[in-house]
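Contents: one structure, followed by commentary.
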Amino acid sequence: MSITLDHVEYKYSEGTPMETEALHDVSLEIRDGEFIGLIGHTGSGKSTLIQHLNGLMRATGGDILYNGESIYREGYSMKELRSHVGLVFQYPEYQLFESDVLSDVCFGPKNQGLSEEQAKARAIEALRLVGMGEEYDKRSPFDLSGGQKRRAAIAGVLAMKPEVLILDEPTAGLDPKGRDEILGQIARLHREQGLTVILVSHSMEDVAVYVDRLLVMDHGRLRFDGAPREVFSHYRELEEIGLAAPRVTYIAHALKEAGFPVRTDVITVAEAEEAILCTLNGTNEREKATP
Ligand code: ADP
Ligand code: MG
């Protein structure tokens with residue numbers, strides 16, 4: 001699996017006085033098995049970008065290739081593309097509408113042309129993957145907690161067996177427990193099923209812990225594309241575009257400025273803890289870490 005964006009442009013209401021450029025010259029490649037974080041200020045183009053990846057929106061310039069083939073070539077099956085590239089919208093619980101959870105999760109696979117029985121098997125598998133046991137199957141989606149609703153909605157996309165799972169701010173509005181459960185489950189799907197994941201997030205803390213590659217959007221442009229540690233080392237530039245590094249990175253820098261010889265490239269709480277303990281114990285983490 002690979003998705004290539006080749007100088008992609010998108011303008012809303014192109015050719016009208018209301019024209020808005022939402023994507024400008026975006027080129028990147030998404031490879032099999034990656035866990036990618038997509039961050040950027042509100043209005044930077046994240047949602048617009050991900051809706052291009054499954055063909056829901058059509059670029060006004062440039063090209064998108066799925067497995068090396070242009071999705072804009074005549075006769076290309078967008079329906080098939082959509083079954084490979086699963087997209088979980090922001091607040092997906094608003095799209096739950098069936099009377100029980102199992103029927104709701106069956107909707108996608110049935111729409112793909114699977115039989116009732118096959119769809120049900122897929123739905124059960126997907127629900128278990130997001131940690132929802134049998135006891136939820138017959139419950140009304142409207143009686144679930146916020147986190148459970150969202151997991152049911154994610155199961156609805158997983159039931160279509162996508163190769164890529166894209167989630168637009170899946171933890172928005174959830175309490176810390178619901179948030180950790182969802183992220184933990186997504187990380188497990190990536191680890192155990194080898195699913196390629198693209199996670200749109202507002203939380204620098206979350207992406208620092210979970211993803212192995214970070215894309216940073218700013219005013220429709222791709223500003224950074226790299227490992228989280230590398231991207232967060234540009235925290236001053238991130239601040240200029242309304243973002244920041246994880247809080248622990250700032251703590252490490254403050255300690256260093258106060259005269260403590262602490263590593264400043266830490267991005268997670270666990271790393272910060274280790275770095276601070278090393279400093280307190282008088283060992284230099286960086287020397288230790290360098291072979
Ligand atoms: P993000 O998801 O990063 O917040 P969006 O992709 O939603 O950003 O928006 C990118 C830009 O496109 C913003 O300037 C936004 O105002 C504009 N935009 C988004 N949706 C529409 C729309 N339906 N019509 C016109 N402009 C839009
Ligand atoms: Mg958005």
In one Ile/Leu/Val/Met/Phe/Trp/Tyr side-chain cluster, 4.5 Å: Tyr76, Leu53: yes

Listed partners of His219 passing ring-ring contact (aromatic ring centres under 6.0 Å, His included), at least two apart: none

Salt bridge (charged side-chain N to carboxylate O under 4.0 Å, His left out) involving Arg229 - partner list, sequence neighbours excluded: Glu271

Expected output: side-chain Lys46 to main-chain Met217 donor-acceptor under 3.5 Å: no

Inter-residue atom distance Cys278.SG - Glu273.CD, 0.5 Å rounding: 10.5 Å

Single-linkage hydrophobic cluster, 4.5 Å side-chain cutoff, Ile39 and Leu167 together: yes

Side-chain donor/acceptor of Tyr136 to backbone N/O of Leu127, under 3.5 Å: no

With a 3.5 Å cut-off and sequence neighbours excluded, list the donor-acceptor pairs that the side chains of residues 154-163 form with protein atoms.
unit_1 : atom_1 : unit_2 : atom_2 : d
Lys161 : NZ     : Glu125 : OE1    : 3.2
Lys161 : NZ     : Glu125 : OE2    : 3.1
Glu163 : OE2    : Tyr66  : OH     : 3.4
Glu163 : OE2    : His84  : ND1    : 3.3

Expected output: side-chain Ser115 to main-chain Gln118 donor-acceptor under 3.5 Å: yes

Validation row: Leu189, Val197 side chains within 4.5 angstrom (heavy atoms): no

Under the side-chain hydrogen bond (donor to acceptor under 3.5 Å, both in side chains) test, residues paired with Arg236 that sit two or more places apart: none

Connected via hydrophobic side-chain network under 4.5 Å: Val26 and Ile50: yes

Glu117 atom CD, neighbour heavy-atom count above 12 within 6.0 Å: no

Test item: Gln148 side-chain N/O and Ser145 main-chain N/O as donor-acceptor pair under 3.5 Å: yes

Thr60 (side chain) donor-acceptor with Lys11 (main chain) under 3.5 angstrom: yes

Exceeds 12 heavy-atom contacts within 6.0 angstrom, atom CZ of Arg247: no

Approximate separation, where rounding is to 0.5 Å, of Met1 CE and Arg31 CZ: 9.5 Å

Rounded distance [0.5 Å steps], CG in Leu56 versus CG in Asn54: 5.0 Å

Tyr94 vs Phe89, ring-ring contact (aromatic ring centres under 6.0 Å, His included): CA-CA, chis, key distance, verdict: CA-CA 10 Å; Tyr94 294 128; Phe89 287 94; over 10 Å; no

Atom pair CG/CG of Leu255 and Leu280 - distance to nearest 0.5 Å: 8.5 Å

Close side-chain approach of Pro170 to Ile186, heavy-atom, < 4.5 Å: yes

Main-chain N/O of Met132 paired with Arg128 side-chain donor or acceptor, under 3.5 Å: yes

Side-chain donor-acceptor contacts of residues 2-10 below 3.5 Å, not counting sequence neighbours, with atom names and distances?
unit_1 : atom_1 : unit_2 : atom_2 : d
His7   : ND1    : Asp25  : OD1    : 2.6
Glu9   : OE2    : Asp25  : N      : 3.2

CG-CG distance between Leu49 and Leu28, expressed to the nearest 0.5 angstrom: 6.5 Å

Carboxylate-amine/guanidinium proximity below 4.0 Å for Lys120 and Glu116: no

Closest contact, heavy atoms only, Gly37 versus Val207: CA-CG1, 4.2 Å

Inter-residue atom distance Leu144.CG - Lys149.NZ, 0.5 Å rounding: 7.0 Å

Counterpart residues, ring-ring contact (aromatic ring centres under 6.0 Å, His included), relative to Phe142 (two or more places apart): none

Partner residues of Arg139 under the side-chain hydrogen bond (donor to acceptor under 3.5 Å, both in side chains) criterion, sequence neighbours left out: none

Verify same cluster id: Leu129, Val101 (apolar side-chain graph, 4.5 Å): yes

Hydrophobic cluster membership, Leu214 vs Leu199, 4.5 Å side-chain cutoff: yes

Atom CZ of Phe260 with >12 non-hydrogen neighbours under 6.0 angstrom: no

Pairs meeting criterion salt bridge (Lys or Arg N to Asp or Glu O under 4.0 Å) with involvement of residues 189-198, two or more places apart: Arg188-Glu192

Listed once per pair and sorted, the ring-ring contact (aromatic ring centres under 6.0 Å, His included) pairs that draw on residues 18-38, sequence neighbours left out: Phe35-His190

Side-chain donor or acceptor of Arg151 paired with backbone N/O of Val130 under 3.5 Å: yes

Residues which pass side-chain hydrogen bond (donor to acceptor under 3.5 Å, both in side chains) with Glu93, listed by chain and number, not counting sequence neighbours: Arg150

Distance-only polar pair, side chains of Ser201 and Tyr210, donor-acceptor under 3.5 Å: no

Donor-acceptor contact present, side-chain Asp175 to main-chain Gly178, <3.5 Å: yes

salt_bridge(Arg73, Asp63) N-O dist < 4.0 Å: no

Leu277 backbone acceptor or donor facing Asn281 side chain under 3.5 Å: yes

Co-members of Val248 in a cluster of I, L, V, M, F, W and Y side chains, linked at under 4.5 Å: Val269

Short side-chain to backbone donor-acceptor contact, Thr16 and Met18, under 3.5 Å: yes

Non-neighbouring partners of Glu98 that pass side-chain hydrogen bond (donor to acceptor under 3.5 Å, both in side chains), sequence neighbours left out: none

